[in-house]
A.B. asks: 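One structure, as structure tokens, below. Some questions next.
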Amino acid sequence: MGAHFNLALILLALATPIAFADDPSPLQDTCVAVSDSTSAVFVNGKFCKNPKLLTANDFLFEGLDKPGNTSNNLGSKVTPVFVDQLPGLNTLGISLVRIDFAPYGLNPPHTHPRGTEILVVLEGALSVGFVTSNPDNRLITKVLNKGDVFVFPIGLIHFQYNQGKTNAVALSGLSSQNPGVITIANAVFGSKPPIYDEVLAKAFQLDKKVIDYLEAQFWVSN
Ligand code: MN
């Protein structure tokens with residue numbers, strides 16, 4: 001009997017995925033995020049608001065018509081509409097960002113650990129690309145014009161660059177309520193505390209002085 005039970009457990013473990021690549025499926029119609037746990041009725045991601053207390057504003061975000069401030073070293077600004085900005089997104093596996101680019105503005109190489117990104121250019125033109133995983137590390141690039149749509153698969157390093165002399169604007173949908181962002185330069189050279197010099201020097205085949213120089217830069221978060 002015990003042996004059968006153990007066998008059943010092993011079979012169950014083999015049949016059950018160890019991890020999901022994106023958000024779990026919703027378990028109810030709505031799960032508007034609330035920070036006050038005393039008013040919560042279900043938990044799936046963040047605490048859920050009592051459905052009887054819903055208002056339309058729980059599902060509303062206003063102001064995405066307003067350009068982001070691109071006055072930074074990168075010349076770009078990402079305005080997120082994630083679950084923290086739009087509580088009604090909780091458990092729904094989707095979100096949105098607006099990305100503004102000054103002339104020659106760059107959204108630097110980064111990845112989203114929990115979401116695929118689908119981008120549409122609303123104004124201007126963007127040179128975009130992503131790099132496939134090891135060992136190929138193939139760069140897939142395209143120049144996008146107004147109305148063009150491009151997809152960046154989950155987890156892959158990607159960028160968007162405005163090579164034009166005018167502003168550019170894009171909207172991106174992401175397949176997570178909280179897709180996360182890892183900006184490569186910031187994570188590698190701007191971690192707190194810093195990654196050991198010898199680790200980065202060996203990893204990037206650089207002199208430690210160059211690593212110190214890179215770690216001393218201000219890695220702006222756009
Ligand atoms: Mn992105």
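Numbering of ligands and ligand atoms starts at 1, following listing order. Computed from a predicted model, the values in this text were never measured in an experiment.
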A.B. asks: Apply the test salt bridge (Lys or Arg N to Asp or Glu O under 4.0 Å) to residues Asp100 and Arg98: give CA-CA distance (whole Å), side-chain angles for both, the deciding distance (0.1 Å), then the verdict.
C.D. replies: CA-CA 7 Å; Asp100 286 278; Arg98 171 182 173 136; 2.8 Å; yes
A.B. asks: Report the C-alpha separation of Phe159 and Phe152 in whole Å, then their side-chain angles, then the decisive distance to 0.1 Å, and conclude whether the ring pair (Phe, Tyr, Trp, His ring centres under 6.0 Å) test is met.
C.D. replies: CA-CA 9 Å; Phe159 61 86; Phe152 305 94; 8.3 Å; no
A.B. asks: Closer than 2.8 Å to the Mn ion (ligand 1), what protein N/O/S atoms do you find?
C.D. replies: His110 NE2, His112 NE2, Glu117 OE1, His158 NE2
A.B. asks: Holding to side chain to side chain donor-acceptor pair (under 3.5 Å), I want the full list of residues that pass it with Asp136, two or more places apart in sequence or in another chain.
C.D. replies: none
A.B. asks: Assess whether salt bridge (Lys or Arg N to Asp or Glu O under 4.0 Å) is satisfied between Asp84 and Lys46, documenting all intermediate values.
C.D. replies: CA-CA 10 Å; Asp84 284 347; Lys46 293 198 179 222; 2.7 Å; yes
A.B. asks: Between the side chains of Ser76 and Asn222, does any donor sit under 3.5 Å from an acceptor?
C.D. replies: yes
A.B. asks: Do the side chain of Thr132 and the main chain of Arg138 share a donor and acceptor less than 3.5 angstrom apart?
C.D. replies: yes
